[in-house]
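Only one structure is covered here, and it is reproduced in the block below.
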2 protein chains.
Amino acid sequence: MRWIDEEDIEDLAIGAALLGTGGGGDPYLGKLMVQKCIRDNGPIQMIDVTEVPDAAWVIPTAMMGAPTIMMEKIPNGDEALKSMRMLEKQTGISAYATMPIECGGLNSTVPFVVASKAGIPLVDGDGMGRAFPELQMETFHIYGISGTPMVLHNERGDRVLLETLDNYMLEHISRGIAVRMGGAAHVAEYMMTGADVKRTAIHGTMTLCMALGQSIRHAQKTKRNPIEAIQEVTRNSIYGEAIVVFRGKVTDIERQSTDGFVRGKALVAGLGEYEEKELKVDFQNENLFATVDGQAIAMVPDLITFLDQETGMPITTESIKYGFRVICLAIPTPDIMRTPEALEVWGPRYFGYDTDYEPVEIIQQRRGTQHV
Amino acid sequence: MRWIDEEDIEDLAIGAALLGTGGGGDPYLGKLMVQKCIRDNGPIQMIDVTEVPDAAWVIPTAMMGAPTIMMEKIPNGDEALKSMRMLEKQTGISAYATMPIECGGLNSTVPFVVASKAGIPLVDGDGMGRAFPELQMETFHIYGISGTPMVLHNERGDRVLLETLDNYMLEHISRGIAVRMGGAAHVAEYMMTGADVKRTAIHGTMTLCMALGQSIRHAQKTKRNPIEAIQEVTRNSIYGEAIVVFRGKVTDIERQSTDGFVRGKALVAGLGEYEEKELKVDFQNENLFATVDGQAIAMVPDLITFLDQETGMPITTESIKYGFRVICLAIPTPDIMRTPEALEVWGPRYFGYDTDYEPVEIIQQRRGTQHV
């Protein structure tokens, strides 16, 4: 158990944006929302996955929709709580705690707002270990939890209770609802017992986000190399050590909002040891697949994140621009995210790439490129 | 109060397809579903709007989606009942009766299936007095009833409870859900008290459908002109007397399924007194606007229906084909459908036509064309 204060949230927002692999929404907005809650209600209680009683119920909360649209419709912070309350009323089950469904600027912070307003703990873990574009892309789903009953609210107060036979239909119908609700919705879903949380969640990801954010901020203050700081933190986590896979200057960004997603690609011309090479990163809300001169160098579910070359700060797909000097960082995902069941749900083939998943650290060994 | 038997349903299906103005789904399919219910459970009780106790609750039931898609996914008949049951459970209110929301091949018959399976009466009335493509196009909406809480089911068993702040958002979100549920959904909506039914429903439309269907069938048997039979029935109803506005041969049909609707137009080359003239009828599920050589001759909310020239049988927008010889019939709508509030919701301007509503009988007087 740990009490989370405003400074922890400063760190959380940065680290979650890093694990968010370009998606998961604007970290600045989410941070401000939680910090206001902490000023109003005091520090927020965060508990380990192992601290949730087996028979207690956890109701994860989140936003869904295109991050670019979320930024235009600033939530008042009560919507996800209302979704959780409606789910409690529908099921007759009270939430012992809430939990993030993913790591990302917005969706790591939304559940802190809910925890603060409801006066309940937040569970230190999530179901993606990063951000992913679709709602069945959850260890919760992969290891047998139903995403529904699910509740969606928009900022006007329109609301929906959704029950589907499987989590693919959950994604399909709820995505359509979020689009028609105005592009974004505030949701409560994947409610499960403490026993199931222990079995299916990726443990400790909020603590990891905070450690990453703290290390980046500390590196900035002490003029230390932020990449080394990130590598140090990841080395001692359930993730693999972060790997620099490219450095360069952004030369082109293609970005389209369709069907509730932001899809596109970023092109980066290499600098330094990557001179004369070109990196291409495809994204669907999140960065999915990176190639250098046509050769795959990192792919889902491994994390692919752009960092500002100077500050080491993560850059989201909605804010990356022509001319940015960036480091492309890859982080090997934990084992729970690389099982055959998991790769079926979020491996490269699901996203339409005609290739089997190859772990980034293996590719990197082959490339023989030196780490920084 | 009246008991409805298999033969009544034979008539109902024909009359409802006529009032359905080309939309509202296949009359054949709906008819078979109700007739099977009557064979299983006996005749169905139909009550007048005035017979519903003021404090009793009526829950209308229906299908929504593109009629062409509905025909490909034959419902088992339990889905709309399940939607009504879920709405009852959600609200703690039992349905005293069910009711159609519109006249049309499918949506006039679906509530009979629900009434039969639930063992409750069906109320003789509806909220459109015809078929319309959108769910806020209801006298219920126009005169102040909320369409939500609403429940949608698909044939798989996926289901949604929807609550919106207004009936336009109800239409917008539920349409998206129906599309993602597979193109069609089975719904319960616009629940209201008997007092509100009396105030807002269009009275006696099921009886009118049956009388129309009976008159067409009787005309066929006795070799009488079916148009005259239809005119006789409409003359003695809350609708105006049916008017023949065109006769001819279908020369072109344009039809597209988009956003859960079937949109398009039919072109008809005139025959007899309409020789050398061309009729164009635009539709969005239902026939909306008819012009002859560019001059408006009938428009929403007045009813525009194609009949087979030989048999007098109504033809839906999904079954009309090149080469059909047709009569285009228009029926003036009742006063409750022509108030300023009503025309705001379903007048020609709502559908994008830059013209004020002009009643078909007034246009017809100006045209000076003789009735048959």
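So you know, we letter chains A, B, ... as the sequences are listed, proteins then strands, and number each from 1.
For B:Asn154, the part sitting under 4.5 Å from any heavy atom of chain A is the side chain, from C-beta outward, and nothing else.
The local environment of CD in B:Glu344 is sparse, with at most 12 non-hydrogen atoms from other residues, nucleotides or ligands closer than 6.0 Å.
Interface summary for chain B: among A:Gln90, A:Met150, A:Glu163, the most heavy-atom pairs under 4.5 angstrom belong to A:Glu163. In terms of heavy-atom pairs under 4.5 Å with chain B, the best-connected choice from A:Leu152, A:Thr148, A:Ile177, A:Val179 is A:Ile177.
The CZ atom of A:Arg175 sits 9.5 Å away from atom CG of A:Leu170, with the distance rounded to the nearest 0.5 Å.
A salt bridge is defined here as a Lys NZ or Arg NE, NH1 or NH2 lying under 4.0 Å from an Asp or Glu carboxylate O, and A:Asp78 with A:Arg85 fails to meet this definition.
Checked against the 6.0 Å centroid criterion, the rings of A:His141 and A:Tyr190 do not qualify as a close aromatic pair.
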